[in-house]
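Contents: one structure, followed by commentary.
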Amino acid sequence: MPQETMTGNQAIRLLDLNREALREQVVAWGQPAYRGDQLYRWLLQKVALTPEEMTDLPAGLRARLREEAQIELLAPVTETAARDGNTIKTLFRLDDGQLIETVLMRYDRRRTVCISSQAGCAIGCTFCATAQMGLQRNLTAGEIVAQVLYFERWLRQAAKHHGGDAPAGQAPAAGVSNVVVMGMGEPLANYHQLWQALRTLTDAQGYSMGARKITVSTVGLVPGIDRFAEEDLQINLAVSLHAPNDALRATLVPINHRYPLAEVMAACRRYVARTHRRISFEYALMRGINDSRELAEELSALLKGLLCHVNLIPLNPVAGSAYQPSRREDVDAFVEVLQGHGIPVTLRMRRGIDIDAGCGQLRARVAARG
């Protein structure tokens, strides 16, 4: 039987169905199964939004799609662009009224989309705007995929207009090159829907993105990390660390009480041993909180001998929060210590500070306006 949708909406939400389920659905409509493959390609390769665009489908099937199916799962509420034009953030409304955020970040050679996996988040990280909302619900696989498709269309349209929307000095980009699941929510707490979405995005007959172009970030759910290590797709894994000891990490990431640092690091070492892939650690630098030389020494000792890479990210500050980005001299000193111990490290640029690009910030601002 075709997969059921999760929202109770009577319209069949096409992006919530995987390729096999689409084949089953068109058969249920009296069409040959291969029409499901055609429909799948229209949705994911040609990013069609209406049945009228699907010109090689028979008129009867297109009529059925108009009457009984839903293609677009996201309704843009507001969109903001950074002054340099490189970062675009969109707030979407879902069918049930929940709000989620998605960010496009354009670099010289990459067009990375940062997507959400949940509406809100239950983890409660004290420096994160999303944590202040609590968890509303998991996203469906289709809602996860739809965020990528939205910006795929956006970039293709920009390219058609001769680079009119491309940043100064950059050629127009044809489409999304990378995806990071680092937006609202804890991805590994929505494991099944996340992995259905990842398989759709990497399916050679669908969106066909390379698995190594996708990174999933977790705050450190140990069972999820172990499960992730057994998957057959070479999706990248990043762990949000933010502190090198339990005492500090528990104040920043409360779930550390459930999964202490020793358990998280043990899972990370099992992951590397099982997959032979490098693991990334995200570390948001906060002034006077986790950015001292002493903590850099602790972090170096914690990661010694592990195939890993550290992404240092100066914090995107939340309005009214006591947590602020580190001073440049402290950032430089932190980097120097890690490099001195042979720990690979990259200092990430903060993107979209002027448009509330930090996780949950745009939603919070719009909600505050009522």
Side-chain angles (χ1 to χ4, degrees), residues 14-16 41-50 53 71-94 98-119 139-167 170-185 187 194 197-198 200-203 206-217 235-236 349 351-352 355-363 366:
L14 298 177
L15 290 178
D16 279 341
R41 288 192 290 271
W42 275 110
L43 295 172
L44 293 158
Q45 293 181 1
K46 300 179 183 180
V47 292
L49 275 176
T50 66
E53 298 172 62
I71 297 175
E72 183 56 88
L73 304 182
L74 309 174
V77 174
T78 187
E79 187 166 277
T80 58
R83 284 186 291 269
D84 63 7
N86 287 321
T87 304
I88 310 291
K89 184 166 193 174
T90 302
L91 184 71
F92 295 108
R93 191 180 307 279
L94 307 178
Q98 295 298 332
L99 299 174
I100 63 168
E101 300 173 349
T102 309
V103 183
L104 169 67
M105 296 166 285
R106 292 187 284 182
Y107 305 86
D108 288 342
R109 299 173 186 269
R110 289 179 290 121
R111 288 84 56 201
T112 298
V113 174
C114 178
I115 62 176
S116 297
S117 55
Q118 297 179 309
L139 300 189
T140 68
E143 289 165 339
I144 295 170
V145 170
Q147 297 170 69
V148 179
L149 299 185
Y150 175 88
F151 276 112
E152 179 69 27
R153 295 186 201 101
W154 194 100
L155 287 164
R156 291 187 190 185
Q157 192 65 28
K160 283 182 180 178
H161 285 79
H162 308 292
D165 289 314
Q170 290 188 20
V176 175
S177 65
N178 297 75
V179 169
V180 293
V181 191
M182 297 182 181
M184 296 172 64
L194 169 71
L198 295 178
T200 296
L201 290 173
T202 55
D203 187 346
Y207 190 69
S208 195
M209 173 169 277
R212 294 185 181 184
K213 299 291 186 180
I214 302 175
T215 299
V216 173
S217 177
I235 305 288
N236 301 307
M349 293 185 296
R351 304 298 299 263
I355 60 167
D356 297 314
C359 181
Q361 292 179 348
L362 181 58
R363 182 194 184 282
V366 170

How long is the span from the [atom1] atom in [X] to the [atom2] atom in [Y], to the nearest 0.5 Å?
X	Y	atom1	atom2	value
R111	R106	CZ	CZ	10.0 Å
M209	L44	CE	CG	12.0 Å
N178	R110	CG	CZ	6.0 Å
I115	T102	CD1	OG1	7.5 Å
M184	S117	CE	OG	9.5 Å
Q45	E152	CD	CD	11.0 Å

Grab the two heavy atoms, one from [X] and one from [Y], that are nearest each other, plus how far apart they are.
X	Y	answer
L155	V176	CD1-N, 3.6 Å
L194	P187	CD2-O, 3.7 Å
L149	L43	CD1-O, 3.7 Å
R153	V47	NE-O, 2.9 Å
G142	D16	N-OD1, 2.9 Å
C114	G183	SG-N, 3.5 Å

Requested in this report: May I ask you to say whether E101 pairs ionically with K89, meaning some side-chain N is under 4.0 Å from a carboxylate O?
Outcome: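 Yes, E101 and K89 are salt-bridged.
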Query raised in the report: So which of V103, T112, L104 actually passes side chain to side chain contact (heavy atoms under 4.5 Å, CB included) with F151?
Result: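 Among V103, T112, L104, the one meeting side chain to side chain contact (heavy atoms under 4.5 Å, CB included) with F151 is L104.
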**Report entry** Partner of V179 under side chain to side chain contact (heavy atoms under 4.5 Å, CB included), chosen from T202, I214, I144, L198
**Finding:**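 Filter result, single survivor: I214.
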Requested in this report: Apply side chain to side chain contact (heavy atoms under 4.5 Å, CB included) to the pair N86 and Y107, showing each step before the final yes or no.
Outcome: CA-CA 7 Å; N86 287 321; Y107 305 86; over 6 Å; no
Contact check, side chains of [X] and [Y], non-hydrogen atoms, under 4.5 Å:
X	Y	answer
S116	L139	yes
V148	Y207	yes
I100	Q147	yes

Report task. Answer yes if the side chains of Y150 and E72 hold a donor-acceptor pair under 3.5 Å, and no otherwise. Result ->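 Short answer, no.
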Query raised in the report: Under the side chain to side chain contact (heavy atoms under 4.5 Å, CB included) criterion, do L74 and L94 qualify, and how do the steps go?
Result: CA-CA 5 Å; L74 309 174; L94 307 178; 3.5 Å; yes
Query - Donor-acceptor under 3.5 Å (E143 side chain, T140 main chain) - result: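 Yes, the answer is positive, given that a donor and an acceptor are paired below the 3.5 Å cut-off.
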Query - From CA spacing to verdict: side chain to side chain contact (heavy atoms under 4.5 Å, CB included), F92, L99 - result: CA-CA 6 Å; F92 295 108; L99 299 174; over 6 Å; no
**Report entry** Residue pair V181, T215: steps toward the side chain to side chain contact (heavy atoms under 4.5 Å, CB included) verdict
**Finding:** CA-CA 6 Å; V181 191; T215 299; over 6 Å; no
